[in-house]
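Beneath this line is the structure, given in structure tokens, with notes to follow.
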Amino acid sequence: MSEKKLVMVVDDDPDLVEAVSMKLESKDYRVAKAYDGQEAMEKIQAEKPALVILDVMMPRKNGWVVCDEIKKDGGLKDIGVVMLTAVGDAVPSTSYTHHDGKTTLADDYVPKPIDMDQLVEIVDDHLGS
Amino acid sequence: MNGIRVSGRLIRLQQVFADHRDARLVPLYRMLAADRMNISFLYLNYLAPARRISCLVEPETLTRLDDGSIPGTGGKPDAAAAGLVSVFPHRFNPAAIGTLFRVLSRLDFQWHCMASSGSMLTIVTDYAAQKQAAHAIARAVDLPESHGPLCPGQEHDPIARSLKTAPETVARYVESKIRTYGIDVYTGLTLCSLQMRADALGQWSDAVSEKGCRFLHASAAPIGEDRVGLDVLLDAGDPESRVFDVAAFFDSNLDNTVTVRENAELIRFHGPHFGDRYGIADKALGRIAEAGVPVWLAGCVGATVSIVLPSNAAKKATKALSAAFEMPD
């Protein structure tokens, strides 16, 4: 039996972390949780998840910085990063996402508000599930 | 526990009434929605003899209210500057409630009510006591060194904070139905309504935790003379264990009052920016009321709405909610 893959969910909205975690656990993933960028980096280094779902705007360290630190660290760079970008459906401009988000070398981007099914599909794609 | 959040200054509005079925009574959440006032926190208790709705709103929104325009609020609303202190994650462990009540029982500050969400326990304090409460709780829950209480203005780093105010990051919602991240329905639960001293509630919560019970919703308010009314919805697991038999647990203390309601049900949902949008509570509770479904308790904390219902009510309530909210599979 294959071991369940570990996904880390990082967002400063604790209820969103819980909701995403429950969804992923129902799809047979193990989930680790962090509520700000600093805590995320500490846990990523300790637990080496297979994938990180990462909010952008967070206390103490934002998601872009966390993503850059992951991708520039030889021991962590293979960890997949899916950025959650706070751009609503009705917002006409996504300039910050295109300009700043793309420079962070994240592996994928999911717009907020999150479509949970889309998020699970992306996680499945990245982890080959 | 590994985080504490502290809100900015808010205004507490409270509505207390004898009979919520009085057709002349407009619930506070409906009045606020009609004035496009966002509710940052809601506590609703229709089980207590004096039914009560408490809402916290941003101070700026008060300019839209005339003093005395809310029946039952008991005085000028601007007299009640309040703040929120949220601790997370509770992991549905009753011991988290126990920890919180032990702190509340030791400290000499005024708190007004508490409600849970999917991960947080949030208390309402006088604004003047908010930071004292936050630091007392932080000491009690032994937060990691880097995780002291997070106050307004510290929520985001400077880059993220500037983005939050940039026009392209402000989402505007035009939805025929309000989007959610899914609606969870729980049935066959046990609702324990306890009235006792806060420190005794702490002991009881610990005992329930040790028995392996988890809680799915909790709300509380002081009821005078150092006593607290706690309503806690337990997923008791093995009913034979009767771990929620609080009467037996505290049978030596006649001051304790305990009511156990079996087969309670819970609807909990969470949606994008629910904490920052007006009308969410009104849409949810209003639809359920229109469908004739009785509500026992409700709480809006952060972006989560929790509604506690009697037996066999959740199905009808969910159908009523589906008229206003998107219901993902």
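For clarity, every value in this text was computed on a predicted model and none was experimentally measured. Chain naming here is simple, since letters A, B, ... match the order of the sequence lines and numbering starts at 1 in each.
Under the 3.5 Å distance criterion, the side-chain polar atoms of B:S119 are matched with a main-chain donor or acceptor of A:P14.
Taking NE2 of B:H273 as the reference point, atom CG of A:D13 lies at 9.0 Å (rounded to 0.5 Å). In this structure, A:K33 NZ and B:R91 CZ are separated by 5.5 Å, a value rounded to the nearest 0.5 Å. For the atom pair CG (A:L16) and NE2 (B:H270), the distance works out to 5.0 Å, reported to the nearest 0.5 Å. To the nearest 0.5 Å, atoms OG1 (B:T304) and CD (A:E18) are separated by 9.5 Å.
Taking every heavy atom of both residues into account, B:R5 and A:D12 meet most closely at NH1-O, 2.7 Å.
In this structure, the portions of B:Y181 lying under 4.5 Å from any heavy atom of chain A include both its backbone and its side chain. Only the side chain of B:F92 comes within contact range of chain A, with heavy atoms under 4.5 Å apart.
More than 12 heavy atoms of other residues, nucleotides or ligands lie within 6.0 Å of NZ in A:K48, so this atom counts as buried by the packing criterion.
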